[in-house]
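One structure is given below, encoded as structure tokens.
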Amino acid sequence: MCGIVGYIGQDNALDYLINSLRVLEYRGYDSSGVAIYSPDGHIKIIKAKGKLNNLIELTARNPQKGKIGIGHTRWATQGIPSDINAHPHASSDSEVAIVHNGIINNFHELKEELIKNFKITFASDTDSEVIAHLLGLELKAGFSLKNSMLNIINKIKGSYALAAISKNDPNTIILTCHDAPIVIGIGKEKDLFCASDSAALLQYTDQIIRLKDRQVAELKLNGEYLVFDGKTQKQITPQIQVLNADPVSLDKAGYKHFLLKEINEQPAIIRKLLAHHVKDNLKIEFAELKPELLKDINRILICGCGTAFYAGMIGKLALETLAKIPVEIEFASELLAREILVDEKTLIIAISQSGETADTLLAVKTALKKGAKLLAITNRSDSTLSALAEGGNILIQAGIEVSVAATKSFTAQMLCLYLLAINLAEIHNSLPSEKLNWLKNELRYLPQIMEQTLARSETYREKILPYAQQKAFVFLGRNFNYPIALEGALKFKELTYIQTTGYAAGEMKHGPIATIDETTPTLSILLPGSTYHKTLHNCIEAKTRGAPSLGVIDDLDKSARQELDTVFEVPALPFSEEYKEFQDFFSPFISVLPLQLIAYYLAEHLGKDVDQPRNLAKSVTVE
Ligand code: AGP
């Protein structure tokens with residue numbers, strides 16, 4: 001998704017802009033650019049399609065001095081990726097330059113009015129350019145940059161995070177936002193920064209101000225930062241937050257890609273989360289979760305997108321199995337498509353790694369307006385979602401996830417949901433305490449079993465490469481491993497670009513099996529549990545129709561091993577006859593690992609852009 005950065009201070013702006021844009025690359029983009037207020041009194045815009053290195057080459061040939069600048073990485077929504085559609089955009093008289101994240105819903109009307117009534121000539125096909133021209137007209141009418149911004153936010157509809165600089169107010173950067181994040185960074189020596197993702201600020205400061213919807217901020221060269229309410233236009237005192245995230249480490253710690261590094265970080269993250277939330281007396285604690293939030297609820301609705309949604313599907317199973325509370329789950333985008341039926345007894349559990357996904361935020365805001373309680377499971381304490389859920393946060397503490405494909409955030413989200421399920425079961429006395437204590441102790445084995453599984457990476461790699469030329473795959477699972485089949489299929493398709501479909505294994509005979517022949521390998525998750533034999537039958541049904549059969553099995557498996565062409569073996573989870581009902585309860589933490597790895601290795605083998613797959617963004621901040 002698009003990224004915004006800005007710098008105003010005593011140093012050369014360009015270096016800060018490029019360094020900050022470098023950090024935001026992980027979010028996915030197709031072009032980039034900077035605008036710098038030059039000492040000669042003009043605004044210099046340099047921008048280029050493609051990777052950030054293209055922009056760096058241009059700025060190296062044409063180094064721009066200047067203490068004030070804004071920058072942007074663009075993920076195209078309106079207008080193809082091109083030099084001219086890249087941001088920043090300027091007004092016709094080059095008086096003002098802007099960078100924009102989001103979508104201006106009424107840009108057609110605005111553009112027509114600007115062309116018809118003001119004879120404006122547009123340079124690009126973007127919606128964002130209308131903002132530059134609207135600001136230019138306000139400035140021409142004699143308004144300051146701040147008042148110009150306050151005026152135009154009443155005209156534009158949709159989502160926006162905006163930064164602007166102007167020859168008219170040469171010592172200022174103006175910011176505003178609505179349904180898209182922008183953060184101010186307070187640096188040393190009166191330096192001020194802004195960014196759409198605080199990850200870009202961590203190298204310079206941990207003091208941030210998260211601009212609220214429709215506020216307007218002025219960053220001044222003298223180090224002043226002024227924030228105004230967009231409605232009353234009155235100045236307000238902003239709240240300064242201290243960031244506790246680690247700086248995004250741009251080195252890959254010896255791994256070839258961030259994705260492989262993050263896959264291998266998972267056991268340590270699970271170990272850290274368990275230590276953080278499960279005390280020595282096995283009491284579960286959520287420091288940022290007010291206990292009253294979990295009381296007096298008669299319904300739970302989980303929402304999220306993509307991988308976060310699939311973590312939610314497993315969370316639903318854990319919550320219903322342990323807390324015996326009915327749990328519904330819905331894609332955030334589908335929730336937005338209809339009236340969301342919630343009330344003050346509904347607990348919305350919103351899951352989002354970035355905490356900035358537009359669909360999830362909009363669904364949450366709608367539910368909050370109807371009185372629902374919000375519990376957020378996110379990786380970013382500085383995110384919009386975390387702010388909306390104040391007093392109702394469970395932070396997954398996975399460290400910033402750089403690779404677009406979510407992996408470590410997925411297992412961390414699952415663990416937090418399992419701990420929540422146990423906690424709710426204790427609150428509601430829905431299971432005997434000895435069972436819950438057994439479960440808490442079993443969780444402690446997970447990191448080492450995950451490590452043992454990851455140690456088999458090379459074997460998984462060798463086994464998947466023979467399938468590199470396949471044009472389609474079908475992933476199958478049941479119960480706790482049905483969402484893993486969906487998540488594994490998502491990893492596969494988003495990394496290798498191969499058509500890969502995940503199904504509930506029991507659904508195959510109700511239609512999907514028509515797609516099966518020798519060109520469609522199936523991959524089944526066949527770990528011990530209540531659904532093992534049925535899933536094996538589904539796998540064999542596909543095999544008898546010619547499909548190559550792959551499967552995730554454990555080391556002790558004897559049956560599936562006879563039937564499958566290729567097996568990805570994982571260590572057997574500890575088994576207890578007394579607690580047999582939980583036999584596949586923990587399997588998702590293990591079964592997902594070979595699926596993450598085979599997606600990675602096949603994508604790498606096929607020469608795909610592993611950390612920034614085509615068309616994808618790390619955080620989809622537009623609907
Ligand atoms: C997962 O690999 C994808 N990157 C994508 O599905 C992602 O999970 C989804 O966009 C939700 O992102 P979020 O967790 O930041 O809300």
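All ligand and atom numbering here is 1-based and tracks the order in the structure.
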| Residues forming a side-chain hydrogen bond (donor to acceptor under 3.5 Å, both in side chains) with Lys365, sequence neighbours excluded | Asp179
| said: I'd like to know whether the aromatic ring centres of Phe475 and Phe492 sit less than 6.0 Å apart in this structure. | reply: yes
| field | Residue contacts for ligand 1, heavy atom to ligand atom, distance under 4.0 Å | value | Cys305, Gly306, Thr307, Ala308, Ser352, Gln353, Ser354, Thr357, Val404, Ala405, Ala406, Leu490, Lys491, Glu494
| Can we call the ring centroids of Phe585 and Tyr418 under 6.0 Å apart? | yes
| query | Quick check, are the ring centers of Phe480 and Phe586 under 6.0 angstrom apart? | reply | no
| Mind checking whether Leu294 and Leu347 have side chains closer than 4.5 Å, heavy atoms only? | yes
| said: Is it the case that the ring center of Tyr160 lies less than 6.0 angstrom away from the ring center of His178? | reply: yes
